[in-house]
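Since the model is a prediction, treat every value here as computed from it, not as a measurement.
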Amino acid sequence: ARGQAMPTVEVIDLRRIGAGPTGDKRISIPLHRAIEKTLAAGEQTILFLNRRGFSPSVRCESCGEIAACPSCSVALTFHKKGHGAVRCHYCDYQADLPKVCGKCGKPSLILEGLGTEKLEETLQKAFPTARIARLDRDVASGKNVEKIIARVRHREVDILVGTQMVTKGHDLPHVTLVGVINADAALSIPDFRASERAFHLLVQVAGRAGRGDKAGKVLIQTYDPDHPAISYARQHDVLGFLERELVDRKELAYPPFSRAALVRIDAFHEHEAREIAENLAAIARDAASKETCKVHVLGPAPAPLARLRARYRFRVMVRSEDRLSLRRVLLAVERARGTFARSVRTGIDIDPVQLL
């Protein structure tokens with residue numbers, strides 16, 4: 001409304017730039033210096049940390065490559081159980097945790113997984129005179145969110161560390177620096193929409209900087225600076241990103257170039273949930289084989305959040321470019337659902353927004 005210029009956006013390549021004085025790579029040298037400069041000017045900083053990665057993904061620190069499913073083009077998720085393995089939550093592809101990077105061959109693989117509490121502690125040691133606040137679901141809900149935002153607005157906070165809550169349209173005129181601690185966390189979520197959501201998040205969080213009279217600056221830390229979600233967000237280029245994303249979606253026949261449904265299964269006993277998931281997948285494949293238009297049935301696979309509220313969760317993905325063919329396959333699944341024990345919950349989510 002005040003016609004401010006868009007903030008300048010700089011991308012920090014974590015493959016080439018090391019940690020600052022804290023020794024913590026999450027606070028790189030450029031970010032550390034930018035925070036110092038902002039504090040010296042009496043202005044405010046927001047540090048955004050996407051903590052939605054429910055379990056770690058595997059990334060190469062040397063080249064930035066993230067381990068992905070060879071069939072589904074989504075990030076593989078690390079599972080600690082047993083000897084440690086990576087798994088695709090679409091098709092249930094599994095492999096041992098690799099010892100070297102599949103792209104560059106170097107043994108520099110890391111498990112990504114970060115927390116706001118640890119980051120807050122590191123910042124407090126690095127900047128002992130700064131007033132630091134944290135905004136995430138652990139410390140803020142309902143009215144508490146507004147209380148913390150009010151403290152920032154009244155300049156009682158110098159550095160605000162937070163998760164997605166800090167991106168939600170707050171107008172904070174004295175915030176001139178926004179740091180995205182790890183842009184790749186949003187990209188490593190096993191969902192074909194991960195790139196779209198990451199781009200939206202980066203554009204949204206960048207908009208928190210420079211909303212007052214002074215120009216804003218955004219620093220995005222990443223191991224993959226050339227990823228479209230990051231490169232287009234850097235240029236504030238929404239149309240460019242949409243065009244690129246649609247090309248990728250069309251190539252893989254993901255929505256909007258197909259219709260998709262998720263069959264969800266959960267039960268208190270893992271073997272029971274798995275058995276019914278396998279039965280429903282078999283029924284879906286049998287029905288799909290009778291269709292003239294191709295219907296893809298993926299899975300069953302454990303959900304990314306494999307156990308929730310003491311219930312084991314599985315799902316089967318069904319998608320097709322033909323809506324009627326998809327509907328007929330899902331009707332066969334729907335008819336079978338009523339034949340299972342009540343202890344097992346099943347459901348069909350058409351055009352699912354959330355795949356977790």
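- Side-chain atoms of Arg264 never come within 3.5 Å of backbone atoms of Asp349 as a donor-acceptor pair (strictly under, hydrogens ignored).
- Comment: Glu43 does not engage Lys217 in a salt bridge, judged by the lack of any side-chain N to carboxylate O separation of less than 4.0 angstrom.
- The aromatic rings of Tyr254 and Phe192 sit parallel, their planes meeting at an angle under 30°, below the 60° perpendicular limit.
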### Message
For a side-chain contact (heavy atoms from CB on, under 4.5 Å) check, start with the C-alpha distance between Cys101 and Ser62, then their side-chain angles and the critical distance, and finish with the verdict.
### Response
CA-CA 9 Å; Cys101 173; Ser62 295; over 6 Å; no
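- With hydrogens and angles ignored, the 3.5 Å screen pairs a side-chain donor or acceptor of Ser320 with a backbone N or O of Lys294.
- Environment of CD in Gln235: crowded, with over 12 heavy atoms of neighbouring residues, nucleotides or ligands closer than 6.0 Å.
- Between Ile348 and Arg337, some side-chain heavy-atom pair lies under the 4.5 Å cut-off.
- Side chains of Phe268 and Ser343 form no contact here, defined as non-hydrogen atoms less than 4.5 Å apart.
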### Query
Can you list the steps and then say if His200 with Phe241 is a ring pair (Phe, Tyr, Trp, His ring centres under 6.0 Å)?
CA-CA 10 Å; His200 177 257; Phe241 173 77; over 10 Å; no
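- With a 6.0 Å radius and a threshold of 12 heavy atoms from other residues, nucleotides or ligands, Asp351 has its CG atom above the threshold.
- Checking side-chain atoms of His227 against main-chain N and O of Ala229 turns up a donor-acceptor pair under 3.5 Å.
- Paired with Tyr223 under the rule side-chain hydrogen bond (donor to acceptor under 3.5 Å, both in side chains), one option of Glu61, Arg16, Arg15 passes, and it is Glu61.
- At least one donor-acceptor pair under 3.5 Å links the side chain of Gln221 to the backbone N or O of Arg26.
- Side-chain atoms of Leu187 and Ile66, non-hydrogen and from C-beta on, never get closer than 4.5 Å to each other.
- Between Pro21 and Ile27 there is no side-chain heavy-atom pair separated by less than 4.5 Å.
- No donor-acceptor pair under 3.5 Å is formed between the side chain of Arg313 and the backbone N or O of Ala303.
- Every salt bridge (charged side-chain N to carboxylate O under 4.0 Å, His left out) that Lys103 has, sequence neighbours left out, goes to Glu65.
- By the salt bridge (charged side-chain N to carboxylate O under 4.0 Å, His left out) test, Arg244 is found to be paired with Asp248, residues two or more places apart in sequence or in another chain being considered.
- When side chains are defined from C-beta on, Phe257 does not count as touching Glu251, because their heavy atoms never get closer than 4.5 Å.
- Using modelled atom types, one side-chain atom of Arg155 and one backbone atom of Gly42 make a donor-acceptor pair closer than 3.5 Å.
- Side-chain N or O atoms of Ser258 include one that pairs as donor or acceptor with a backbone N or O of Ala253 at under 3.5 Å.
- Counting only distance, with no hydrogens or angles, the side chain of Asp184 and the backbone of Thr222 share no donor-acceptor pair below 3.5 Å.
- Between Ser195 and Glu245 the shortest side-chain heavy-atom distance falls below 4.5 Å.
- Side-chain contact between Thr176 and Thr38: present, with at least one pair of heavy atoms (C-beta onward) separated by less than 4.5 Å.
- Residues Val318 and Leu326 form a side-chain contact, since some pair of their non-hydrogen atoms from C-beta on lies under 4.5 Å apart.
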